[in-house]
Amino acid sequence: MKILLIPDKFKGSVTAEGVIKALSKGILKSMPETKVFKVMASDGGDGFLDAIQNYISLERVEGDTIDPLGRPSRAYYLYNESNSTAYVELAKASGIELLSNADLNVMETSTIGTGIQIKDAITRGAKNIIIGLGGSATNDGGTGIAHALGYRFMDDKDNLLAPKGKNLSLISKISKMDDSFWKGISFTAVNDVTNPLFGKEGAAYVYAKQKGADSGQIESLDEGLRNLAYTVQNTMGVDHALLPGTGAAGGTAYGLKTFFNAEFISGIEFLFKLAGIPQLLKETSIDYIITGEGKIDEQTLHGKLIKGVMDIGLQYSIPVIAVCGKLAIDPIELKKKGLMAVLEVLDTTKPLQYSMDNASKLIEKTIFNYFENQKSI
Ligand SMILES: Nc1ncnc2c1ncn2[C@@H]1O[C@H](COP(=O)(O)OP(=O)(O)OP(=O)(O)O)[C@@H](O)[C@H]1O
Ligand SMILES: O=C(O)[C@H](O)CO
């Protein structure tokens with residue numbers, strides 16, 4: 001038996017590495033002859049740089065920047081001098097994990113800090129900027145990054161606007177200062193999701209709530225993103241708003257495409273290539289792929305790691321099993337989309353904290369039981 005493990009972390013209880021360990025233990029206990037292949041993945045959001053570092057060793061460049069609320073902070077990116085490529089994880093300077101719950105304020109947050117990091121990389125000599133998008137505290141349509149690299153956003157009276165969520169609806173003019181700084185630089189947006197910029201499936205409606213927005217603010221952020229796209233279309237003649245993925249990181253993917261002509265790649269595809277998964281699947285006959293994350297919900301189907309693993313399973317006709325802490329979506333829907341089985345580790349007779357505290361043991365037990373049951377079928 002050959003099994004490939006590609007799980008995400010169970011946020012709040014166990015890292016992706018911990019999930020891999022627990023799954024391996026459970027599988028080998030049930031079927032000791034199994035060859036287990038392990039892949040440390042990430043969907044492009046937080047954990048992007050960690051995942052890259054598992055496969056390539058790169059220089060770590062740490063420097064001053066600002067956090068999503070504009071306070072001084074430090075963050076790093078990775079740099080490959082031999083091919084002048086910088087890998088920037090948006091969440092390092094503009095991530096939701098940087099703010100306490102009390103500080104979450106998506107009307108006021110900006111991606112400027114990530115823009116400062118990109119500027120530093122270009123100054124260092126980077127010719128290729130690869131940005132992992134996701135896990136953001138922002139909904140600024142990428143205007144913060146654009147501002148840091150020389151774009152300016154103004155209202156209808158030519159007042160300069162700070163590039164943050166609450167100002168998007170006021171933008172009526174966009175100007176570009178000297179673009180020679182980043183001309184000829186190739187940008188790649190590595191998107192963790194496939195949502196469009198605005199609308200019910202867009203950045204604000206799907207992701208702003210987790211960034212602290214109430215329903216009125218969500219509506220106004222969505223309106224702001226629409227206004228940004230409208231102003232861009234009128235003044236720059238380009239329209240990318242409905243492209244899948246533009247909604248990643250509060251519309252940052254849209255901003256990178258619009259202002260810097262970024263290429264899009266999904267986080268999953270990027271990391272699968274880096275990890276050599278397509279080659280492994282071509283050369284080795286894998287019997288099962290096992291994936292998982294803390295909570296499987298609607299977001300899972302919008303390009304999270306599990307969705308990418310499901311797609312790969314379908315592509316290579318390999319059954320995929322997902323293990324999760326909590327299942328918050330109809331399992332039938334998941335099976336229709338190609339999952340062979342979905343296993344929830346949560347023990348509903350005990351409080352949630354029990355499952356969080358004992359996640360590794362529960363994951364091990366769940367996968368062990370699954371394969372033991374298979375033997376008796
Ligand atoms: N051991 C566990 N048992 C039960 N539920 C868990 C367990 N671990 C995590 N969870 C649930 O999963 C949630 C985290 O979900 P998940 O790991 O999918 O990350 P996420 O919030 O989707 O973030 P990201 O976008 O970074 O993946 C936790 O808030 C909790 O509700
Ligand atoms: O940062 C976010 O908004 C989510 O991770 C989706 O990209």
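Just follow the structure's listing: the first ligand is 1, and inside any ligand the first atom is 1. The residues of the chain are indexed from 1 along the displayed sequence.
- Aromatic ring pairs are classed by plane angle as parallel below 30°, tilted from 30° to 60° and perpendicular above 60°; the pair Phe48 and Phe270 is tilted.
- A salt bridge does not link Lys21 to Glu364: none of the charged nitrogens lies less than 4.0 Å from a carboxylate oxygen.
- For Gln299, no heavy-atom contact with ligand 1 is shorter than 4.0 Å.
- Electrostatic pairing of Asp50 and Lys9 does not count as a salt bridge here, judged by no charged N lying under 4.0 Å from a carboxylate O.
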Determine, step by step, whether Tyr288 and Phe371 satisfy the ring pair (Phe, Tyr, Trp, His ring centres under 6.0 Å) criterion, reporting the C-alpha distance in whole Å, the side-chain angles of both residues, the deciding distance to 0.1 Å, and the verdict. CA-CA 11 Å; Tyr288 293 101; Phe371 284 113; 5.5 Å; yes

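- Against a heavy-atom cut-off of under 4.0 Å, Leu352 is close to the following atoms of ligand 1: 4 (C), 5 (N).
- When each atom of ligand 1 is checked for a heavy atom of Leu346 under 4.0 Å away, the hits are 4 (C).
- Proximity annotation for atom 20 (P) of ligand 1: of Gln210, Lys361, Lys11, Lys11 comes nearest, heavy atoms only.
- Of the candidates Cys324, Gly294, Gly325, it is Gly294 that places a heavy atom closest to atom 11 (C) of ligand 1.
- With a 4.0 Å heavy-atom cut-off, ligand 1 is reached by no atom of Asp297.
- Formation of a donor-acceptor pair under 3.5 Å by the Asn227 side chain with backbone atoms of Ser169 is found in this model.
- By the 30° and 60° cut-offs, the orientation of the rings of Tyr151 relative to Trp182 is parallel.
- In this structure, the side chain of Asn159 does not engage the main chain of Asp155 through any donor-acceptor pair within 3.5 Å.
- Shown in contact with Ser13 at under 4.0 Å from a heavy atom are these atoms of ligand 1, numbered in order with element: 1 (N), 2 (C), 7 (C), 8 (N), 9 (C).
- Screening residues 110-135 for salt bridge (charged side-chain N to carboxylate O under 4.0 Å, His left out), with sequence neighbours left out, gives Glu59-Arg124.
- Heavy-atom proximity to Ala359, at under 4.0 Å, picks out these atoms of ligand 1: 1 (N).
- Near Lys9, the atoms of ligand 1 lying under 4.0 angstrom from a non-hydrogen atom of the residue are 17 (O), 24 (P), 26 (O), 27 (O).
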Contacts table for ligand 2: protein N or O within a distance under 3.5 Å of ligand N or O, distances only.
from	atom 1	to	atom 2	distance (Å)
ligand 2	1 (O)	Gly135	N	3.1
ligand 2	1 (O)	Ser136	N	2.8
ligand 2	1 (O)	Ser136	OG	2.7
ligand 2	3 (O)	Ser136	OG	3.4
ligand 2	3 (O)	Lys211	NZ	2.6
ligand 2	5 (O)	Gly135	N	2.9
ligand 2	5 (O)	Asp192	OD2	2.8
ligand 2	7 (O)	Asp192	OD1	2.6
ligand 2	7 (O)	Asp192	OD2	3.4
ligand 2	7 (O)	Ala249	N	2.8

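- Remark: the backbone N or O of Met31 is paired with a side-chain donor or acceptor of Thr34 at under 3.5 angstrom.
- Of the listed residues (Met356, Glu97, Glu344), the one carrying the non-hydrogen atom nearest atom 10 (N) of ligand 1 is Met356.
- Lys11 and Glu97 are joined by a salt bridge, as a carboxylate oxygen and a charged side-chain nitrogen come within less than 4.0 angstrom of each other.
- Annotation: side chain of Phe153 is not in contact with side chain of Asn167 (no heavy-atom distance under 4.5 Å).
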